[in-house]
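Beneath this line is the structure, given in structure tokens, with notes to follow.
A, B, ... follow the sequence lines: proteins, then strands. Residue 1 opens every chain.
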Amino acid sequence: MKVIPQNFYTRNDTIAIAKELLGKVIVTELDGVRCSGIIVETEAYAGPEDRACHAFGFKHTTRTAPMFLDGGVAYVYLIYGIYHLFNIVTNVAGQPHAVLIRAIEPLEGLEQMLLRRKLSSISPRLCAGPGLLSQALGITTAHTRLSLQGATIWLEEGKTKIPNNDIVAGTRVGVAYAGNDALLPYRFSIKGNKWVSKAKGL
DNA sequence: CAAACGATTTTCT
DNA sequence: GAAAATCGTTTGG
């Protein structure tokens, strides 16, 4: 399967990238076990003009530093002291854009995922949510700043291309504090896919 | 140096 | 439907 090249991420169009990521495959190889899944839900965090973005107004801190790197690296961070959220940094260095992966449809390494999630059987809750899929794939803050061209976490072309009218746009989750920017349709998912997170319906 | 809080999920009422 | 869990980062003294 073909690995997504660096220049896919460095384009100056985070919204387009967020949409195109749907249907692509995310792969992790940890503890010698390969796990993968199809991306079915994403959210765009479009840089300094986006109030919901951590790096709003070019706010450069220790935590947001990876977003200022060149596109194509991972930005993982801990939320509520419990969950790890996995983001993909986009655009070029100096432009703090990122796409949050919210849900995947599991493909390979199912047993390892179940083990990590402490579940005994497959259910739609396995990877439906940003904190959950990170846990299932074994992604932690130790992987932040990691290049997606490496041998630990990377993305591949999917088998199926998602037609434009199968992409649903909606408002983002958990960003009410962002005022008007919370209303932007920056959340994308595959229409009718049962693995899409149901935390808050579209 | 100390205190408050968050791009979430689970569990209990 | 509401509240707790839990800790690194951010902000204020």
Side-chain angles (χ1 to χ4, degrees), chain A residues 9 14-15 17-19 21-22 26 37 39-69 71 73-91 95-106 113-146 148 153 168-189 194-202:
Chain A
Y9 306 105
T14 303
I15 306 301
I17 295 173
K19 279 197 251 184
L21 280 174
L22 294 174
I26 178 171
I39 296 172
V40 297
E41 187 176 357
T42 65
E43 263 180 28
Y45 285 89
E49 300 164 13
D50 181 359
R51 214 172 189 72
C53 181
H54 283 167
F56 169 67
F58 289 101
K59 191 157 86 173
H60 199 305
T61 66
T62 306
R63 181 178 62 156
T64 62
M67 275 209 269
F68 290 83
L69 299 175
V73 300
Y75 170 41
V76 186
Y77 102 102
L78 190 63
I79 187 65
Y80 298 114
I82 304 176
Y83 295 102
H84 302 276
L85 303 207
F86 175 69
N87 302 251
I88 295 172
V89 177
T90 63
N91 217 314
Q95 293 297 319
H97 292 223
V99 177
L100 168 68
I101 308 302
R102 291 195 57 86
I104 64 171
E105 173 179 339
M113 292 193 208
L114 289 173
L115 205 62
R116 292 195 179 111
R117 293 272 295 113
K118 293 183 168 52
L119 296 174
S120 53
S121 61
I122 301 293
S123 78
R125 313 186 69 180
L126 180 62
C127 304
L132 300 184
L133 74 91
S134 302
Q135 189 181 4
L137 293 173
I139 298 172
T140 72
T141 52
H143 303 114
T144 201
R145 287 167 168 273
L146 208 59
L148 299 179
I153 305 173
V168 183
T171 54
R172 289 171 293 184
V173 177
V175 292
Y177 62 87
N180 286 334
D181 284 345
L183 302 176
L184 293 170
Y186 281 2
R187 178 184 176 204
F188 305 101
S189 61
K194 66 176 177 180
W195 296 95
V196 170
S197 98
K198 299 188 186 70
K200 290 175 186 154
L202 277 175

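Side chains of Glu41(A) and Arg187(A) form a contact here, defined as non-hydrogen atoms less than 4.5 Å apart. For the pair Arg117(A) and Leu132(A), the minimum side-chain heavy-atom distance is below 4.5 Å.
As rounded to whole Å, 8 Å separates atom P of dT9(C) from atom CG of Leu78(A). Look at NE2 on His84(A): it is 16 Å from P on dA7(B), rounded to the nearest Å. Between the P atom of dG6(B) and the CZ atom of Phe56(A) lies a distance of 16 Å, rounded to the nearest Å. Separating the CZ atom of Arg51(A) from the C1' atom of dA7(B) is a distance of 16 Å, rounded to the nearest angstrom. As a whole-Å value, the separation of Phe86(A) CZ from dT8(B) P is 17 Å.
By the salt bridge (Lys or Arg N to Asp or Glu O under 4.0 Å) test, Arg63(A) pairs with no residue at all, sequence neighbours left out. With sequence neighbours excluded, the residues that form a side chain to side chain donor-acceptor pair (under 3.5 Å) with Glu105(A) are Asn193(A). Partners of Asn87(A) by side-chain contact (heavy atoms from CB on, under 4.5 Å), not counting sequence neighbours, listed by chain and number: Tyr75(A), Leu85(A), Ala98(A), Leu100(A). Here Leu148(A) pairs with Tyr9(A), Ala74(A), Phe86(A), Ile88(A), Ile153(A), Leu155(A) under the side-chain contact (heavy atoms from CB on, under 4.5 Å) rule; sequence neighbours left out. Checked against side chain to side chain donor-acceptor pair (under 3.5 Å), Thr14(A) has the following partners two or more places apart in sequence or in another chain: Thr90(A), His97(A).
Relative orientation of the Phe68(A) and His60(A) rings is parallel, given thresholds of 30° and 60° on the angle between their planes.
The CD1 atom of Ile17(A) sits 12.5 Å away from the CG atom of Leu22(A) when rounded to the nearest 0.5 Å.
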In a table with atom names and distances, give each donor-acceptor pair under 3.5 Å that connects a side chain of residues 136-144 of chain A to protein atoms at least two apart or in another chain.
unit_1	atom_1	unit_2	atom_2	d
Thr140(A)	OG1	Ala142(A)	N	3.1
His143(A)	ND1	Thr140(A)	N	3.0
His143(A)	ND1	Thr140(A)	O	3.4
Thr144(A)	OG1	Val76(A)	N	2.9
Thr144(A)	OG1	Val76(A)	O	3.3

Taking only distance into account, with no hydrogens and no angle test, what donor-acceptor pairs under 3.5 Å do side-chain atoms of residues 119-130 of chain A form with protein atoms, sequence neighbours excluded?
unit_1	atom_1	unit_2	atom_2	d
Ser123(A)	OG	Arg125(A)	N	3.2

### Intra- and inter-strand pairs of DNA chain B in dot-bracket (Watson-Crick or G-U wobble, both distances under 3.5 Å; | for another strand)
||||||.|||||.
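Going from the P atom of dA3(C) to that of dC5(B) covers 16 Å, rounded to whole Å.
With hydrogens and angles ignored, the 3.5 Å screen pairs a side-chain donor or acceptor of Thr42(A) with a backbone N or O of Ala18(A).
Nucleic acid contact for Tyr75(A): base, since at least one base atom lies under 4.0 Å from a heavy atom of the residue.
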Listing time: all N or O pairs from protein to nucleotides 11-13 of chain C that are below 3.5 Å?
unit_1	atom_1	unit_2	atom_2	d
dT11(C)	OP1	Lys59(A)	NZ	3.4

For nucleotides 2-4 of chain B, print each protein N/O atom paired with a nucleotide N/O atom at under 3.5 Å, atom names and distance only.
none

Restricting both atoms to N or O, compile the protein contacts to nucleotides 4-6 of chain C shorter than 3.5 Å, with distance only.
unit_1	atom_1	unit_2	atom_2	d
dT6(C)	O2	Tyr80(A)	O	2.3

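Residues from residues 130-142 of chain A lying near DNA chain B, meaning a heavy-atom separation below 4.0 Å, are Pro130(A), Gly131(A), Leu132(A) in numerical order.
Residues Val89(A) and Leu69(A) come closest through the heavy atom pair CG1-O, 3.7 Å. Ala103(A) and Trp195(A) get closest at one heavy-atom pair: CB-O, 3.6 Å. Looking at every heavy atom in both residues, Pro96(A) comes nearest to Ala55(A) through CB-CB, 3.4 Å. Considering every non-hydrogen atom in both Ile104(A) and Gly37(A), the closest pair reads CD1-CA, 4.1 Å.
Note on Tyr77(A): every side-chain N or O is 4.0 Å or more away from OP1 and OP2 of dT9(C).
Comparing atom distances between the Arg125(A) side chain and each of dT9(C), dA7(B), dT10(B) picks out dT10(B) as nearest.
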